[in-house]
Amino acid sequence: MVERGGATMLHVDIMDGHFVPNLTMGPPVVESIRKVTTSVLDVHLMVTDPDTYAPVFIKAGADQVSVHYEAARHLDRTLRLIQGLGAKAGVVINPGTPVSVLEDVLYLADFVLVMSVNPGFGGQKFIPNSLNKIRQLARIRAEKGLGFAIEIDGGVGRDNLESIVEAGCDWMVAGSSVFHSADPAATVKELQQLAERASGTIRV
Ligand code: ZN
């Protein structure tokens, strides 16, 4: 449905029941999704042990894997591990974690994912301070001539999409606003049009 609407990236939330209270899906589900799509599979690991699980999900078909700053004990090594297996490597920060802690990995990361809700559940409200983090990241990227993409995840929908794009975000993850709408394909199309008007590119 969402591909019919124009989505070219599918974001998959993996929760382990430890790093976050919820449990979602494991590698077999990602393998199954891989078989039916050529879209970019963007796997977001909300797990306490990303070094163990990143390779497993890349093997299952992930094109890119993001790991939480708060969970990675050796973040530089974990990002290199992911890239060494042929996937793009992203780092994620929770709402309570400042952008400044990423200073020494930004040159290495392929993308940075800003959590705009506390991870663990769908359907939460967007935390407005996330826009400041996007602006900060976009500024650092320009100042240092870096190439990482900026992604946002949590509470994204038609009400805040334009301000997110204007802040400098490249990839917007929309979950509830798409899948709980009456017509997910039409909603993706509408969100993409909104984003394009705000001069960005949206992938759901
Ligand atoms: Zn996510």
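Every number for a ligand or one of its atoms is a count from 1 in the order of the listing. Being a predicted model, the structure only gives us computed values, none of them experimental.
- For Asp13, the N, O or S atom closest to the Zn ion (ligand 1) goes by the atom name OD1.
- Take the N/O/S atoms of Asp153: the one nearest the Zn ion (ligand 1) is OD2.
- Side chains of Ser130 and Ser116: a donor-acceptor N/O pair is absent below 3.5 angstrom, by distance only.
- Shortest distance from the Zn ion (ligand 1) to His11 is reached at NE2 (N/O/S atoms only).
- Gln124 and Asn118 form no side-chain donor-acceptor contact under 3.5 Å, judged by distance and modelled atom types alone.
- Ring planes of His44 and His68: parallel class, angle under 30° (limits at 30 and 60°).
- Just one of Leu41, Thr37, Asp42 meets the side-chain contact (heavy atoms from CB on, under 4.5 Å) condition when paired with Ser39; it is Thr37.
- For the Zn ion (ligand 1), the nearest N, O or S atom contributed by His44 is named ND1.
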